[in-house]
Amino acid sequence: MWSMIGGMEDVAGDSTKQALILLAMFLLVGSSPSVAPQDVPLYDSTAYTKCMGKPERALYNGGILGKFTTLSGNDSSPSLVLFSLTRGFKYSFSSWVKIHGADSALIRASLTTEDEAYNCIGNVVARSGCWSFLKGGFTLHSPSNRSLLSFHGPGKWNISIATAGVSLQPFTDEQWRMNQDHIINKVRKRPVMIHVADEDGERLQGAEIQVKQISKEFPFGSAIAKTILGNIPYQKWFVERFNAAVFENELKWYATEPEQGKVTYAIADQMLRFVRESGVTARGHNIFWEDPKYTPSWVRNLTGLDLEMAVKARITSLLDRYKEEFVHWDVSNEMLHFDFYEQNLGPNATLEFFKTVHQSDPLATLFMNEFNVVETCSDSDSSVDKYISRLRELESGGVSMDGIGLESHFDTLNLPLMRAVIDKLATLGLPIWLTEVDISNKFDKDSQAAHLEEVLREGFSHPSVNGIMMWTALHPYGCYQMCLTDNDFRNLPTGDVVDKLLQEWKTEDLEGQADEYGSYSFFGFLGEYSVTVRDSNRTAYSTFALSQGEETRHVTIQL
């Protein structure tokens, strides 16, 4: 019998102290630093994507597992018995996994309590002969005196599963939020010191200083549709809030060429004009969609050389018109779930799409865009390891400047799993965006808003997430799943959440005086700032950019 959980301590050894206490300061704008309570565990973002000859040590030195677990199950489905799990706690879970009986297989971890069954709390494509890292988690909806955490392979295969370095670390809601705030302070903000001097270089004490953030570095936006054209209230509402946009449907092939040879960009051109005038960053969505349902009907009827010529014409037409207009392109949408073009043009079709688009628009970042990567781990087609494997295939085929697009359409919510998946994706070192965030309309409006806030905080507080887009384009009938306002632009509860977070993630207007050294300091969110300095009858104006960095940003203003 394979060595399983019982050998965990031998594998983990004396775990290195991975900063289980939040000793970091929580720097707040315009106030003194505050220190976190010393019993708050620091979330460990460590993750691995390579299969290792031996497992690394357990995260959190195993967490609570050494105290509250016993081993049960068998080779094909080893299990842990967990005692006294608490409702509402967020549990971060990880384990090293190795299999015998197949070269590789998708191994899933599940949790069963007295009241509920969590089908998947994490998964990994495990291999024979080396150890793969599974990272996930769960939040209980009701307390559990005795739960069973199990590992499962594909049912049709006779696979033995070995585990090592298993860890389970609980966080209260307050502890989770403190971890989020700690990361936000660390990666989304930076200390600034403004120095005031006269024309002779002498520092001026007592000068009045006003600081205002005029733009944000972090891209945060929403989908828009043609309904925004000519709609001044909609345009005003959008521009007051967002610095990024994506066209909901207007660039898709079925919209720009509904009939073969009848290409029109009239609507997309007007929307792009609005984007330009507003100074908003725009993503390009999408060039191809692998789902046949969203492929133009005339394209579905093409084969062989005719289809090949059509896809080349599509790329040429779109990129010749919009080169350098869009910072991203979703090249081949949802290619983990669907494969229309590869089925009809061969297994290298998608690779050629990426290469051709990169040649046509070399400064744009090319994204894989996919659903059910962070939303759930129950969808085997889009497991985090399958996503990573496909990215590596593209990379090995010569594709450059790839980006990770996570659609983020949530109809269930598992924040520890979401963070764990992004941790694994972050090991690739590629830009990660949440590209189509919304919450299912199966929830009532207040629940939608509460879940939206959780997802947005999770995205903004992950250091590897470079931008967030919501899928909230407004139509007369409403939105795809979730709106932020009604048709008169009165906030719904979701809109209140967005406005609250936009305010929270912006440096408030500051006023102060230069100290005895002629300096004024603050801790601000990344972005562009304006500064006004006054001393007796002299006034100076300046602007500066606050970009990510470890050091204090020094700004000198001469009066």
Side-chain angles (χ1 to χ4, degrees), residues 85-91 111 113-121 137-144 171-174 176-177 180 220-225 227-228 233-234 237-238 240-242 246 248-249 371-379 406-419 421 434-461 468-505:
L85 299 183
T86 305
R87 177 183 179 274
F89 275 32
K90 293 175 173 61
Y91 289 89
L111 182 74
T113 73
E114 300 94 329
D115 301 319
E116 296 179 282
Y118 301 79
N119 179 58
C120 186
I121 60 169
F138 57 90
T139 302
L140 290 186
H141 301 128
S142 58
S144 173
F171 297 86
T172 66
D173 283 343
E174 182 182 17
W176 195 265
R177 177 69 177 274
Q180 289 176 329
F220 185 80
S222 171
I224 57 174
T227 50
I228 204 167
Y234 190 1
W237 173 87
F238 187 92
E240 284 176 349
R241 287 162 176 78
F242 303 126
V246 60
E248 186 180 43
N249 298 312
F371 65 91
N372 279 354
V373 183
V374 291
E375 298 96 317
T376 178
C377 62
S378 296
D379 187 341
L406 306 173
E407 291 187 14
S408 308
H409 296 290
F410 289 90
D411 59 12
T412 60
L413 209 61
N414 183 345
L415 295 183
L417 174 68
M418 177 184 176
R419 181 157 288 264
V421 168
L434 308 185
T435 56
E436 304 179 17
V437 175
D438 65 12
I439 308 298
S440 171
N441 58 17
K442 75 177 186 181
F443 297 104
D444 62 57
K445 287 182 169 50
D446 288 335
S447 297
Q448 261 191 335
H451 293 330
L452 177 64
E453 179 170 354
E454 290 181 287
V455 169
L456 295 180
R457 285 191 184 280
E458 204 61 51
F460 189 69
S461 67
I468 297 175
M469 305 294 294
M470 293 176 293
W471 209 247
T472 55
L474 186 62
H475 301 268
Y477 61 80
C479 306
Y480 174 68
Q481 288 279 332
M482 181 190 77
C483 288
L484 301 179
T485 72
D486 63 18
N487 284 337
D488 294 319
F489 303 100
R490 293 185 294 251
N491 268 6
L492 300 172
T494 48
D496 287 338
V497 162
V498 169
D499 284 352
K500 178 182 75 171
L501 293 179
L502 286 172
Q503 188 64 33
E504 181 180 323
W505 297 337

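Predicted, not measured: the structure shown is a model, and the values here were computed from it.
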Discussion item. Go through it in stages, so that I can follow the logic: the residues are Arg241 and Asp499, the test is side chain to side chain contact (heavy atoms under 4.5 Å, CB included), and I'd like the CA-CA distance, side-chain angles, deciding distance and then a yes or no.
Written reply: CA-CA 8 Å; Arg241 287 162 176 78; Asp499 284 352; 2.8 Å; yes

Residue pair Val246, Thr435: steps toward the side chain to side chain contact (heavy atoms under 4.5 Å, CB included) verdict
CA-CA 9 Å; Val246 60; Thr435 56; over 6 Å; no

Test side chain to side chain donor-acceptor pair (under 3.5 Å) on Ser378 and Asn119; report intermediate values, then the result.
CA-CA 7 Å; Ser378 296; Asn119 179 58; 3.3 Å; yes

### Message
Let's go through Trp471 and Val437 carefully: what are the C-alpha distance in whole Å and the side-chain angles of both, what is the deciding distance for side chain to side chain contact (heavy atoms under 4.5 Å, CB included) to 0.1 Å, and is it a yes or a no?
### Response
CA-CA 5 Å; Trp471 209 247; Val437 175; over 6 Å; no

>> The test is side chain to side chain contact (heavy atoms under 4.5 Å, CB included); show your working for Lys90 and Leu415 and say whether it passes.
In response: CA-CA 8 Å; Lys90 293 175 173 61; Leu415 295 183; 3.7 Å; yes

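In terms of heavy atoms, Asp486 sits closest to Leu492 at N-CG, 4.0 Å. Nearest heavy-atom pair, Ser144 versus Thr113, reported as atom, atom and distance to 0.1 Å: OG-CB, 3.7 Å. Smallest separation of non-hydrogen atoms from Phe410 and Val374: CE2-O, 3.8 Å. Nearest heavy atoms, Glu453 versus Val497: CB-CG1, 3.6 Å. In this structure, Leu474 and Cys479 approach most closely via the heavy-atom pair CD1-SG, 3.8 Å. The two atoms that bring Leu413 and His451 nearest to each other are CD2-ND1, 3.4 Å, heavy atoms only.
Between the OG atom of Ser222 and the CG atom of Asp438 there is a distance of 10.0 Å, given to the nearest 0.5 Å. We find the OG1-CG distance between Thr139 and Leu85 to be 11.5 Å, quoted to the nearest 0.5 Å. Note that CG of Leu452 is 6.5 Å distant from CE of Met470, once rounded to the nearest 0.5 Å. Note that CZ of Phe489 and CH2 of Trp237 are 7.5 Å apart. Values are rounded to the nearest 0.5 Å. Within the model, atoms CZ of Arg87 and OG of Ser142 stand 8.0 Å from one another, a figure rounded to the nearest 0.5 Å. Here the straight-line distance linking atom OG1 of Thr412 with atom OH of Tyr118 works out to 11.0 Å at 0.5 Å rounding.
Note on ring orientation: taking the six-membered ring where Trp is involved, the planes of Phe220 and Trp505 are perpendicular (angle over 60°, cut-offs 30° and 60°). Classified by interplanar angle (parallel below 30°, tilted 30° to 60°, perpendicular above 60°), the ring pair Tyr91/Phe138 is parallel.
Gln481 pairs with exactly one of Asn441, Thr472, Ile439 by the side chain to side chain contact (heavy atoms under 4.5 Å, CB included) rule, that one being Asn441.
Within a 6.0 Å sphere centred on CD of Glu240, heavy atoms belonging to other residues, nucleotides or ligands number more than 12. Within a 6.0 Å radius of NZ in Lys500, other residues, nucleotides and ligands contribute more than 12 heavy atoms.
Side-chain N/O atoms of Glu454 and Trp176 include no donor and acceptor closer than 3.5 Å. Side chains of Thr494 and Gln448: no donor on one and acceptor on the other come within 3.5 Å. Counting only N and O atoms by type, the side chains of His409 and Glu375 include no donor and acceptor under 3.5 Å apart. Side-chain atoms of Ser461 and Arg419 form a donor-acceptor pair, as typed in the model, at a separation below 3.5 Å.
A distance of 6.0 Å or more separates the ring centres of Phe89 and Phe171.
Using modelled atom types, one side-chain atom of Lys442 and one backbone atom of Asp411 make a donor-acceptor pair closer than 3.5 Å. A donor-acceptor pair under 3.5 Å is formed between the side chain of Ser408 and the backbone N or O of Leu406. Under the 3.5 Å distance criterion, the side-chain polar atoms of Asp488 are left unmatched by any main-chain donor or acceptor of Arg490. Between the side chain of Asn372 and the backbone N or O of Thr376, no donor-acceptor pair lies under 3.5 Å.
At a threshold of 4.5 Å between non-hydrogen side-chain atoms, the residues Cys377 and Val421 do not count as touching. By the 4.5 Å heavy-atom criterion applied to side chains, Phe242 and Val498 are counted as neighbours. Residues Leu484 and Asn491 form no side-chain contact, since every pair of their non-hydrogen atoms from C-beta on lies 4.5 Å or further apart.
A salt bridge between Arg457 and Glu504 is present, with a side-chain N of the basic residue lying under 4.0 Å from a carboxylate O of the acidic one.
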